[in-house]
Amino acid sequence: MAYDTDNVFARILRREIPAKTVYEDDHALAFHDINPQAPVHVLVIPKGAYVSMDDFSANASAEEIAALFRAVGHVARDVLGLAEAGYRILANCGPDGHQEVPHLHIHIFGGRRLGPMLAR
Ligand code: 5GP
């Protein structure tokens with residue numbers, strides 16, 4: 001799947017639409033989800049144009065991959081204060097994964113007991 005440069009997260013990265021940013025560095029941007037599914041729901045995205053976890057894991061540099069996961073941990077720990085109570089990360093990929101926005105994003109959920117991993 002080719003990268004769609006007009007997807008909503010590409011537009012957030014270009015500052016064409018607003019987002020409630022909580023963290024930014026050279027490789028990653030983190031912002032609140034517009035439709036939170038938990039008391040804390042933040043998305044962390046790479047600044048590079050990667051469609052999905054599949055694209056990112058195959059094509060991103062080691063530096064980009066390390067930076068994204070460092071950013072996820074930093075945001076959860078130091079920005080959101082979730083490390084002690086715990087949190088969940090999630091990356092939906094493709095149609096079966098119910099990925100809606102075609103730019104890789106890592107969800108961080110927290111702020112309450114989140115229950116089992118998948119709906120049963
Ligand atoms: P997915 O289903 O692709 O894993 O998750 C996409 C997420 O992006 C959803 O949780 C949705 O609420 C969020 N989202 C969609 N459009 C926007 C937007 O314009 N701004 C923000 N902050 N989040 C968005």
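Start at 1 and go down the list; that is how both ligands and their atoms are numbered.
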What do we get for K20 next to ligand 1 when only non-hydrogen atoms under 4.0 Å count, side chain, backbone, both or neither?
neither
Within this structure, what is the CG-CG distance for the pair L68 and L29, rounded to the nearest 0.5 Å?
11.0 Å
Flag yes if L104 and V75 sit in one hydrophobic cluster, no otherwise; membership is Ile, Leu, Val, Met, Phe, Trp, Tyr, and two members link when side-chain heavy atoms are under 4.5 Å apart.
yes
Contact partition for H105 relative to ligand 1, non-hydrogen atoms under 4.0 Å
side chain
Under 4.0 Å from any heavy atom of V101, which atoms of ligand 1 are there?
3 (O), 6 (C)
When distances are taken from atom 22 (N) of ligand 1, the protein heavy atom at minimum range is H32 O, 2.9 Å
Around E16, counting heavy atoms of other residues, nucleotides and ligands shown, do more than 12 lie under 6.0 Å from its CD?
yes
Looking at R70, I'd like to know if its CZ atom is crowded, meaning that more than 12 non-hydrogen atoms belonging to other residues, nucleotides or ligands lie closer than 6.0 Å.
no
Below the 3.5 angstrom mark, is there an N/O of I12, backbone or side chain, next to an N/O of ligand 1?
no
Side chain of T21, backbone of Y23: donor and acceptor closer than 3.5 Å?
no
Side chain, backbone, both or neither: which part of V8 has a heavy atom under 4.0 Å from ligand 1?
side chain
Of all protein heavy atoms, the one nearest atom 2 (O) of ligand 1 is H98 O, 3.1 Å
Show the atoms of ligand 1 that are less than 4.0 angstrom away from any heavy atom in F9.
8 (O), 24 (C)
Only heavy atoms of Q99, strictly under 4.0 Å: list the atoms of ligand 1 that pass.
3 (O)
Looking at K47 and E64, is there a salt bridge between them, counting it only when a charged N and a carboxylate O are closer than 4.0 Å?
no
Considering only NZ, NE, NH1 and NH2 on the basic side and carboxylate oxygens on the acidic side, decide whether D6 and R14 come within less than 4.0 Å.
yes
Using the benzene-type ring in the case of Trp, are the ring centres of H107 and H41 under 6.0 Å apart?
yes
If you count the atoms of ligand 1 from 1 in the order shown, which ones are under 4.0 Å from a heavy atom of N92?
1 (P), 2 (O), 4 (O)
Enumerate the atoms of ligand 1 whose separation from the nearest heavy atom of F31 is less than 4.0 angstrom.
22 (N)
Check: H103 ring centre within less than 6.0 Å of Y50 ring centre
no
Hey, does E100 come in under 3.5 Å of ligand 1, counting only N/O atoms on both sides?
yes
Heavy atoms only: which of I45, T21, I34 lies closest to atom 14 (N) of ligand 1?
I34
Among D33, N35, N7, which one puts a heavy atom closest to atom 11 (C) of ligand 1?
D33
